[in-house]
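Heavy atoms only: backbone and side chains are in, while hydrogens, waters and symmetry mates are out. Everything numeric here is computed off the predicted structure, so don't read it as measured data. Proteins come first, then strands; the chains are lettered A, B, ... in the order of their sequence lines, and each starts at number 1.
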Amino acid sequence: MTEVSRQTLSALLDGECSGPEMHRAIDQLLGDEALRQCWERYHLIGHVIGRQPVAGEARAIAPRVRATLAPEAVLSMTPTRKPPRLAQFMPLTAAIAAGFMLVAVFLVPVGPREGFAPSTGTADSRAADDALIAGTVPDQRLRQNDSLLRARLEQLVVNHHERAAGPGLSGFVSYATVVGRPGQP
Amino acid sequence: MSEREVDQALVERAQSGDRRAFDLLVLKYQQRVGNLIGRYLRDSSEVLDVTQDAFLKAYRALPGFRGESAFYTWIYRIAINTVKNHMVAQGRRPPGDDVDAEVAEQLDVGGRLRETATPEHELLRDEIADNVQAALDHLPDELRTAIVLREFEGMSYEEIAAAMECPIGTVRSRIFRAREAIDKRLRPLITP
């Protein structure tokens, strides 16, 4: 513990060290037991001059805290951050989105639609559109009379609601993955 | 640069696993937190137990401290909650009127701690106060003024430099020399 290090400590105590100097001073302080004791005494001096009450027995607190913590493993001190507020509502959001998807699946009209505008695409796509309008191509999305499909969708929704109640998006993701799989009835 | 930033730097060291950094925060605030808890409890050994408990709770809660408030404000809240929970657990009714952290520091909050202090502790407290005061009285004027403006008035080095019409570096040096002179008398009393 040199005079220079004690002078830096004095400035550190008053919050009058610049950034890099502050970190150097803290490094020194952490590694020097004599400086650590000096830190305590300087604070004590400040209390007396500042007319703050000083209790001799209060000096026992730091050793007691140190002794209690000594046998404990160092805590995992990664600062915890709360999830963003929006993320807390993700399960609910997912449930609503799934509901809309389900409604969309059942309510999109089948066959020729009023005001249907002919495609301006290629000849192939126009032929496909014509076939769809004529009802010669089965719509892969809609089979409202298919009781197996209805039962399966209902089961998926039940599963989704059960899973969506938990944290994360697992319910919705599973549901969307199964429903969106091409060629799945 | 302020004391709050120094505290925050120590908190970050402690959060990264350096327990010695937390120890420095305990050394810095043990008197203030002990005095605060002394407002609620009469028995000095109980005060020490609850103060220790408050610091342990703070250490374990440190990963959640994000520096949005000053460290002292945070530990102040923990201390108040700890002492109130302690009183409820003891079947005592905690007072409903909390004192703000800033106000608590201005009050003679150590009164109850003193009332039940052991004779040895009372003697030590008086010796500390007497020796600091005697050392202060023997300081050259410029050193005494600098340390009093800092510790009693809470002025920054820049403000002291303006008041004393000298460079900031001189203020820094004067405050250090004042502390050294007082510490010379204090050290034999409290160093084991």
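Side chains of B/E180 and A/Y42: a donor-acceptor N/O pair is present below 3.5 angstrom, by distance only. With no hydrogens or angles considered, a side-chain donor-acceptor pair links A/T68 and B/Q52 at under 3.5 Å.
Nearest heavy-atom pair, B/I175 versus A/S10, reported as atom, atom and distance to 0.1 Å: CG2-OG, 4.0 Å. In this structure, B/R19 and A/L69 approach most closely via the heavy-atom pair NH1-O, 2.7 Å.
A distance-only check finds no donor-acceptor pair linking the side chain of A/D14 to the backbone of B/Y157 [under 3.5 Å]. The main-chain N or O of B/F152 is never found under 3.5 Å from a side-chain atom of A/R51 such that the two would form a donor-acceptor pair.
With a 4.5 Å cut-off on non-hydrogen atoms, A/R66 touches chain B through its side chain but not through its backbone. For A/E21, the part lying near chain B is the side chain, with the backbone staying farther off; criterion is any non-hydrogen pair under 4.5 Å. In this structure, the portions of B/D49 lying under 4.5 Å from any heavy atom of chain A include both its backbone and its side chain. Both the backbone and the side chain of B/I182 come within contact range of chain A, judged by heavy atoms closer than 4.5 Å. Interface remark: B/F22 contributes side-chain atoms only to the contact with chain A (heavy atom separation under 4.5 Å). Looking at A/L9, there are no atoms closer than 4.5 Å to chain B (heavy atoms on both sides), in backbone or side chain.
Proximity of A/W39 to B/L24: side-chain heavy atoms (C-beta onward) are separated by under 4.5 Å at one or more points. The shortest distance between side-chain heavy atoms of B/L48 and A/E57 falls below 4.5 Å. Inter-residue side-chain proximity for B/V6 and A/L12 is flagged as met; some heavy-atom pair is nearer than 4.5 Å. Contact annotation: the side chain of B/R187 approaches that of A/R41 to within less than 4.5 Å [non-hydrogen atoms, C-beta and beyond]. Counting heavy atoms from C-beta outward, B/R172 and A/T8 have side chains that approach closer than 4.5 Å. B/R13 is listed as a side-chain neighbour of A/H23, based on a closest heavy-atom distance under 4.5 Å. In this structure the side chain of B/N35 never reaches within 4.5 angstrom of the side chain of A/Q52, judged on heavy atoms.
Atom CD of A/E40 sits about 5.5 Å away from atom CD1 of B/I190, to the nearest 0.5 Å. With rounding to the nearest 0.5 Å, the separation of CG in B/L189 from CG in A/L44 is 10.0 Å.
In this structure, A/R6 fails the cation-pi test against B/F176, since its NZ or CZ atom is not both closer than 6.0 Å to the six-membered ring centre and inside 45 degrees of the ring normal.
When the candidates A/V48, A/L30, A/I45 are compared by the number of heavy-atom contacts under 4.5 Å with chain B, A/L30 comes out ahead. When each of B/D183, B/D7, B/L56, B/V132 is checked for heavy-atom pairs under 4.5 Å with chain A, B/D183 comes out on top. No other option in B/K28, B/R177, B/E12 has as many heavy-atom pairs under 4.5 Å with chain A as B/K28. Note: B/Q30 leads B/R4, B/E127, B/E158, B/Q30 in heavy-atom pairs under 4.5 Å with chain A. Of the listed residues (B/V33, B/T51, B/L25), the one with the most heavy-atom contacts under 4.5 Å to chain A is B/T51. For the set B/R179, B/Q133, B/R20, the count of heavy-atom pairs under 4.5 angstrom toward chain A peaks at B/R179.
For CD of B/E165, the number of neighbouring non-hydrogen atoms (other residues, nucleotides, ligands) closer than 6.0 Å is 12 at most.
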